[in-house]
Amino acid sequence: MNKPSPTLATAPQQARSEELKGVGFGLTAYVMWGCFPLYFALFSGIPAWEVLLHRIVWSCLFLVVLISLLRRWAPIRAALAKPRQLWPGLVCSLLIAANWGIYIYAVEQHEVLQASLGYFLTPLVNVALGMLFLKERLTRLQAIALGLAALGLSLQLIGLTELPWITLSLALSFGTYGLLRKRVALDGLSGLFVETLMLAPLALLLIGGLWRAGESHFLATDIGPLELPASVLMISSGVLTALPLLAFAGAARRLRLATVGFLMYINPSMQFVIALLVFQEALSASMLITFVLIWSGLALYSASTLLEHRASGRRRRAERDEIAQQERSDVRP
């Protein structure tokens, strides 16, 4: 009796093992991002824009070390050798810096609910931008999802006396970043390094200006609720910017797009809970309705993505079966 090949016998186990690793990486990335309000709240007393400058510089320096350890300089050298093709990267760097700065400001001002709403809204903004600029077609479920998000945002605008600019700015800046990022032929880690590298000279110049004016907080002590040294917080911001991105890359390589999409909700959901339970922000009736409508839209969008993925898989299997059947018929005498 023939024994099954060890390679074939262990292939499903290896696939399951890789999938479990992917889920672990995904959970690590999104939980770290979800805890960012707790981290940036430690910078209490330091202006958001100064925190942003140091985040750019220390992220760039940490990425130099990380990329060197991983020996991933080849794609970066290739990109830097064609400076004319880096213009989309420059716009991306400005957009991600704006997104970081607005987010830090939101935490500083205890507007984490608005920030979480912005990140809930981002995937649907991506859909709208793809439809407008990339001529992507929407399925019926995706169109309904987008309509629910628009309705929720409209109710929020009606219920407030002022524009929820934090929500809109975060969603639009990150959504536009994702749209332009498609034109930059770099992976997430290399792309982030190039983006921070472009901003680092200006950030260093402004940090130097703070030093000369005697307004720098870098050497300050007893910062925030834990009374930590500002230098420790600022240097660690570079590490905590890169680590979730690495974990996300590990998840994206091992998981289906639909699975990654579902894990994505962990980040804004954690921020929502932290805003209510830790920062004790008030949740108005209009904001609650807005959240429910956007959550519903995201659920529909995820369901549509999952159905498309399964349909695509069935088509590929049918095509393979048809090719195999054709090959068998061709070899018959």
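Index from 1, following the sequence.
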Glu111 backbone acceptor or donor facing Tyr105 side chain under 3.5 Å: no
Short side-chain to backbone donor-acceptor contact, Gln114 and Ala106, under 3.5 Å: no
Cluster link [X] to [Y], ILVMFWY, side chain under 4.5 Å:
X	Y	value
Leu121	Leu179	yes
Phe25	Val23	no
Leu202	Ile104	yes
Leu240	Val232	no

Summary of salt bridge (Lys or Arg N to Asp or Glu O under 4.0 Å) pairs that have at least one residue in residues 52-81, sequence neighbours excluded: Arg72-Asp187
Do [X] and [Y] have side chains that get closer than 4.5 Å, going by heavy atoms?
X	Y	value
Ile102	Trp165	yes
Phe218	Trp211	yes
Val64	Trp73	yes
Val292	Ser296	yes
Trp33	Pro268	no
Leu293	Leu148	yes
Trp58	Ser236	no

side-chain contact (heavy atoms from CB on, under 4.5 Å) assessment of Lys82 paired with Leu86: CA-CA 7 Å; Lys82 301 174 182 177; Leu86 291 178; over 6 Å; no
Over all atoms of both residues, closest heavy-atom pair of [X] and [Y]:
X	Y	value
Val57	Ala203	CG2-CB, 3.7 Å
Tyr30	Met270	O-SD, 4.3 Å
Leu66	Ala242	CD2-CB, 4.4 Å
Gly26	Ala251	N-CB, 3.4 Å
Pro244	Phe36	CG-CZ, 4.4 Å
Ser237	Tyr39	N-OH, 3.0 Å

Report, one line per pair, each donor and acceptor closer than 3.5 Å where one atom sits in a side chain of residues 191-201; sequence neighbours left out.
unit_1: Glu195; atom_1: OE1; unit_2: Tyr177; atom_2: OH; d: 3.0
unit_1: Glu195; atom_1: OE2; unit_2: Tyr177; atom_2: OH; d: 3.1
unit_1: Glu195; atom_1: OE2; unit_2: Arg181; atom_2: NE; d: 3.4
unit_1: Thr196; atom_1: OG1; unit_2: Leu192; atom_2: O; d: 3.0
unit_1: Thr196; atom_1: OG1; unit_2: Phe193; atom_2: O; d: 3.0

When rounded to the nearest 0.5 angstrom, what distance separates [atom1] in [X] from [atom2] in [Y]?
X	Y	atom1	atom2	answer
Tyr103	Ile166	OH	CD1	11.5 Å
Leu146	Leu300	CG	CG	11.5 Å
Ile223	Thr221	CD1	OG1	7.0 Å
Met234	Leu219	CE	CG	9.5 Å
Leu27	Ile266	CG	CD1	5.0 Å
Leu276	Leu283	CG	CG	5.5 Å

Report, one line per pair, each donor and acceptor closer than 3.5 Å where one atom sits in a side chain of residues 41-50; sequence neighbours left out.
unit_1: Glu50; atom_1: OE1; unit_2: His217; atom_2: ND1; d: 2.8
unit_1: Glu50; atom_1: OE2; unit_2: His217; atom_2: N; d: 2.8

Audit row: Thr167, Thr290, side-chain contact (heavy atoms from CB on, under 4.5 Å) steps and yes/no: CA-CA 12 Å; Thr167 295; Thr290 298; over 6 Å; no
Under 3.5 Å, side-chain donor or acceptor atoms of residues 93-101 against the rest of the protein: list the pairs with distances, not counting sequence neighbours.
unit_1: Ser93; atom_1: OG; unit_2: Leu90; atom_2: O; d: 2.5
unit_1: Asn99; atom_1: OD1; unit_2: Tyr119; atom_2: OH; d: 2.8
unit_1: Asn99; atom_1: ND2; unit_2: Leu170; atom_2: O; d: 3.2
unit_1: Asn99; atom_1: ND2; unit_2: Ser173; atom_2: OG; d: 3.0

Leu69: hydrophobic cluster co-members (side-chain, 4.5 Å): Val65
Residues in ring-ring contact (aromatic ring centres under 6.0 Å, His included) contact with Phe133, at least two apart in sequence or another chain: none
